[in-house]
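Have a look at the structure below, then the notes.
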Amino acid sequence: MLSNVTGHGLHPFGLFFPSNPVFESWTQGDLIRAEELLTEEIVHPSSPFHHASALAHRVIVRARSKQQNIAIDDAKMSIKVQRSVVGHIANAMAHVSNGEYESAMRIFDLVFSDGLSAEKNFLLLVKAIFLFECGNHDNAISRVDDLIDLVDDHSLYLTVRAQMLILLRDISLRAGDNERAMVLLARARVAIPFQKQPHLVVISLIFGWDFDRLALEIQLQLRECIKPFEDNGDVAMQCKNLKEAIVLYSTALDLNPSNLGLLVKRSEARAMLGSWEDALKDADEAVEADPTSPWGYERRHAALHGLQRYDEAVDAFTRMFSLVEESLDPDIRQLGHEYISPSRSETMIDSVIREIFKICPLVLIDVKSGRLCDGPERLRTFKSEPQFKELVSSMTEKLDDIHILQVVEKYFQYVMFSHVWEGKEPSFQDVNLVYSVWHLDSAPLNEKLCKFCEVVQSEGYRWAWSDTCCIDKTVSTVLNQSLTMMYKWYQASAATLVLLSSISSPSALGDLTDSIWMTRAWTAQELLAPKVIRFYDRNWKPYLGDTHANHKESPEIVQELADSIGIARKSITTFHPDDLSIRERLRLASTRNATVEEDVAYSLIGIFKSDIRPHYGEGDAALGHLLEEIVARWGDVTVLAWTGKSSPYNSCLPTTLTVYGQAPCTSPAIEDAEMDMRVAALRDSLSETDAMSIYERVTRLPPARFANRHLYLPCIMFAVKRLGVQDFGSGQENHYRARVSGIGYVEFKTSDRLSLTESRLVLVHPWIRDLCDPIDGFTWGSALDDDQPESDPGSSPSSPLYPLPVAKMDNYTRALRLVVRLQQPFRALLLRQQRNGEFKRVAAEHEIVVPGLEFQIDFARDIRADVVEIL
């Protein structure tokens, strides 16, 4: 019963006024004591009203105590003393307890003739309860439902209906109708929670219904019924039987639709099945059921992610993460360590993007908007895109570096443009002035840029680069960085599109070879660096009609390129600078030209992995810087093997790369058998002292280097003893014949007019690498003495030029093998000594090829191994 409501003042209906002692006993369930107190009040009534009221109250008490006959007598006496609402109710109650249902309902209808209009709805409710007590259960519940629709405050009527449903459920359970019992329980749950009120006290006193335990009983019964369905649903989830799990969770939710745990579980099952809308609906209901719980937001995030509503998904997860961190439950806070906050994910993504930007062009064209975008602008664009939001939303439990890299690389991949400049191309300033490449006027060169962007966009890329407008050439630092990084930009590109504007449609095999594009200095790296390249004719039709996504995979085109530039097909398709020797790279560059002198060198920065800094205005010094670095970095002196005019930068360097177009003369190879035979012959004619003398001098030579444009060249020197003229040409060449110490007679041609009494001329052999084969166990820059007869195969070489030795032999044999190589013909450089002891190279129009060492020479007198300083 509702024992917390006591006293006359708590019954304002004008229907029910037991005295306090009676009310207290009655509400506590002590009907015997209540009857005794009421009997005393009947014996000593204070007024006819109280007499009739006491009789009516005792009728109800006796009816509840199963004293039906004397209860009816009391009811008649109450009505006789004074007609009242409570008297009619008591009379009807007495007949109900006696099983006289029709009489009870007829008597109850008299209530409305004596009742208060203000209590009409309550009286109708009491009548419905009488119907229920008479066994007319469905009719009674329907009447209560009608009252619920009629009144504004539903709480009283919902509570009474819940009590009816629970009582009816008990009847169904006793009858074995479990399914109906479950349906009734599900209908009863809407009364939770309910508010205690005086009307319920009256109903409790009349009918003995215990509303105090109603809510608890519904909760317990719901829990008892829900648990088997929830447990079986969990088992079905573990077995990946998602549809069955959804059915089981749904059945449990029919009993308690606002159960947070069940809503979360069904949302998860629906999400796993791909039913994202249904999963979101469950998640929203879970959030509504308990906005302070993080788990509804967790499921909301998953459903929104599946629906690709990534903005909302990230917001949901952010809220979920916040609730976990703020939870008062230490176990829930501990779970926070299992999740990754969106801010942490974004920090990780930013770091990956920064690394990618290191090898990306400084500025790219957004082909969607046509705008020029620097790194920060591209980052802002990315963060406004679904790809970024999906990425953040997908990493709630683990930072996946590989996935981040894949997404970021795909989004920021860009396409490079390779073409021949044809005049006033659209510049950085031109595009920025009109905001977008799409806003440029219809000039032919503007149309060329726009067509390139159209092709890039049609192939599904977002970013494009053109050397015309993506470099702010007014800023020297930007220009220099662009020039030094350009090779890497082409190498890292998703593709390079080449416009062959000199080729008309339809194109034919050989057109690429003959194109202007193949003659330009910059296009060498634009051909070799990219992994993917596509050639188009002037009308943007694929070259030869070849629709390969990558023309480096087209056998016909690659073969034409290989024949044209003279390198292997594999080196074209998978080029790396180290695939070609220094000399091969110089030969490749020798066939190309540039409209700006410095570009001859700057276009090779990537191919030679050079660190030179561009500085327009330095003229031919740019080439000097490049060749100097090649010598200094690799110790490779093959750059000195050229004929023609000397550079002002250094007399040992040429003025142009075209001199490398012809392969230099090389000494014929010596077969092993011949080497062994010649070494054996030398043992009989050359003393160990003489052999070791030259050997030790050569092995002590350091690698070549530059300093302040001076070349310090290690070499073997041969003095010119006598100079004669073969012919003073009428043109630019003079033909000389010289007697050279240790070699004999040598002829050469030069445009220089040499004095026949010249005593400062020397011929030098700088090709130390050719003399000292590493198979002999030689390491350049170290000297082997007599008490170290064998090279240690485990030691590191002192020069990067040679690998570890692969053969073991004594030093005398090594020395003899070196002399054999010196006896071979070799190309020599002619130097003239200056007043301060330095040298300058005498430029020759043809290679100076000497026959090799004479067999009978004085090694100490005729041969000198030293480092010469060349201006």
Side-chain angles (χ1 to χ4, degrees), residues 365 367 370 413-426 437-438 440-461 463-469 490-491 493-575 588 591-595 603:
I365 305 169
V367 295
Q413 58 187 347
Y414 58 89
V415 177
M416 302 285 280
F417 189 28
S418 178
H419 64 114
V420 175
W421 281 53
E422 300 174 86
K424 180 65 174 63
E425 303 275 357
V437 297
W438 305 124
L440 292 167
D441 62 42
S442 58
L445 296 182
N446 292 343
E447 288 294 318
K448 177 173 74 169
L449 175 63
C450 289
K451 184 60 180 178
F452 161 65
C453 292
E454 287 177 11
V455 174
V456 171
Q457 192 171 24
S458 70
E459 295 185 356
Y461 297 102
W463 307 102
W465 185 90
S466 172
D467 57 353
T468 59
C469 64
Y490 277 97
Q491 188 179 46
S493 67
T496 292
L497 306 186
V498 179
L499 178 64
L500 304 170
S501 56
S502 63
I503 297 178
S504 58
S505 299
S507 52
L509 193 64
D511 286 347
L512 177 56
T513 298
D514 297 335
S515 69
I516 297 174
W517 185 84
M518 288 291 286
T519 68
R520 292 294 191 257
W522 284 106
T523 59
Q525 68 176 7
E526 294 165 17
L527 166 65
L528 297 174
K531 299 178 181 65
V532 176
I533 196 168
R534 287 192 290 280
F535 296 97
Y536 296 88
D537 63 26
R538 67 174 58 163
N539 296 318
W540 286 94
K541 303 296 183 184
Y543 180 60
L544 302 182
D546 193 313
T547 57
H548 275 88
N550 183 6
H551 282 167
K552 286 191 174 185
E553 295 176 354
S554 168
E556 194 172 25
I557 295 177
V558 172
Q559 188 60 56
E560 180 180 356
L561 289 169
D563 293 341
S564 175
I565 63 178
I567 64 175
R569 292 165 55 102
K570 186 176 184 302
S571 293
I572 294 175
T573 56
T574 58
F575 179 77
L588 181 64
T591 62
R592 297 174 178 264
N593 54 70
T595 56
S603 64

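- Take Tyr414 and apply the ring pair (Phe, Tyr, Trp, His ring centres under 6.0 Å) test, not counting sequence neighbours, and it matches no residue.
- Under the 3.5 Å distance criterion, the side-chain polar atoms of Trp438 are matched with a main-chain donor or acceptor of Val367.
- For the atom pair CD1 of Ile365 and SG of Cys453, the computed distance is 4.0 Å after rounding to the nearest 0.5 Å.
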Evaluate the criterion side chain to side chain donor-acceptor pair (under 3.5 Å) for residue pair Ser505 and Asn539; output intermediate values, then yes/no. CA-CA 7 Å; Ser505 299; Asn539 296 318; 3.1 Å; yes
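- Here the CG-NZ distance, from Asn446 to Lys451, works out to 15.5 Å after rounding to the nearest 0.5 Å.
- In this structure, the side chain of Arg569 engages the main chain of Pro555 through a donor-acceptor pair within 3.5 Å.
- Looking only at side-chain heavy atoms (C-beta outward), Met518 and Ile565 come within less than 4.5 Å of each other.
- Partners of Thr513 under the side chain to side chain contact (heavy atoms under 4.5 Å, CB included) rule, at least two apart in sequence or in another chain, are Glu560, Ser564.
- Contact between Tyr461 and Ala494 at its shortest, heavy atoms only, is CE2-CB, 3.6 Å.
- Every residue was checked against the salt bridge (charged side-chain N to carboxylate O under 4.0 Å, His left out) condition with Lys531, not counting sequence neighbours, and none meets it.
- What you find for Ala521 and Ser603 is that their closest heavy atoms are CB-OG, 3.5 Å.
- Residues passing the ring pair (Phe, Tyr, Trp, His ring centres under 6.0 Å) test with Phe452, sequence neighbours excluded: Phe417.
- Side chains of Val455 and Val415 form no contact here, defined as non-hydrogen atoms less than 4.5 Å apart.
- In terms of the salt bridge (charged side-chain N to carboxylate O under 4.0 Å, His left out) criterion, residue partners of Lys424 (sequence neighbours excluded) are, by chain and number, Asp430.
- Every residue two or more places apart in sequence or in another chain that forms a side chain to side chain contact (heavy atoms under 4.5 Å, CB included) with Ser504 is listed here: Arg538.
- Ala508 is linked by a side chain to side chain contact (heavy atoms under 4.5 Å, CB included) to Asp511, counting only residues two or more places apart in sequence or in another chain.
- We find the CG-CD distance between Leu588 and Gln525 to be 11.5 Å, quoted to the nearest 0.5 Å.
- Between the side chains of Thr468 and Glu425, no donor-acceptor pair of N or O atoms lies under 3.5 Å.
- Other residues, nucleotides and ligands contribute more than 12 heavy atoms inside 6.0 Å of the CG atom of Leu509.
- Distance CG/Leu561 to CG/Leu512: 5.0 Å, rounded to 0.5 Å.
- A heavy-atom distance below 4.5 Å is not found between the side chains of Val437 and Pro426.
- Take Asn550 and apply the side chain to side chain contact (heavy atoms under 4.5 Å, CB included) test, not counting sequence neighbours, and it matches Val532, Ile533, Lys552, Glu553.
- With hydrogens and angles left out, the side-chain atoms of Ser554 and Asp546 include a donor and acceptor closer than 3.5 Å.
- With sequence neighbours excluded, the residues forming a salt bridge (charged side-chain N to carboxylate O under 4.0 Å, His left out) with Glu422 are Lys448, listed by chain and number.
- Here Glu459 pairs with Arg534 under the salt bridge (charged side-chain N to carboxylate O under 4.0 Å, His left out) rule; sequence neighbours left out.
- Heavy atoms only, all atoms of each residue included: Ser571 and Phe575 are closest at O-CB, 2.9 Å.
- Sorted by first and then second residue, the pairs that involve residues 501-531 and meet ring pair (Phe, Tyr, Trp, His ring centres under 6.0 Å), not counting sequence neighbours, are Trp517-Phe535.
- Atom CG of Asp467 sits about 8.0 Å away from atom CE of Met416, to the nearest 0.5 Å.
- Looking at residues two or more places apart in sequence or on another chain, you find a side-chain hydrogen bond (donor to acceptor under 3.5 Å, both in side chains) between Thr523 and Arg592.
- Leu500 contributes atom CG, which lies 11.0 Å from atom OH of Tyr536 (distance to the nearest 0.5 angstrom).
- Side-chain contact between Ser466 and His419: present, with at least one pair of heavy atoms (C-beta onward) separated by less than 4.5 Å.
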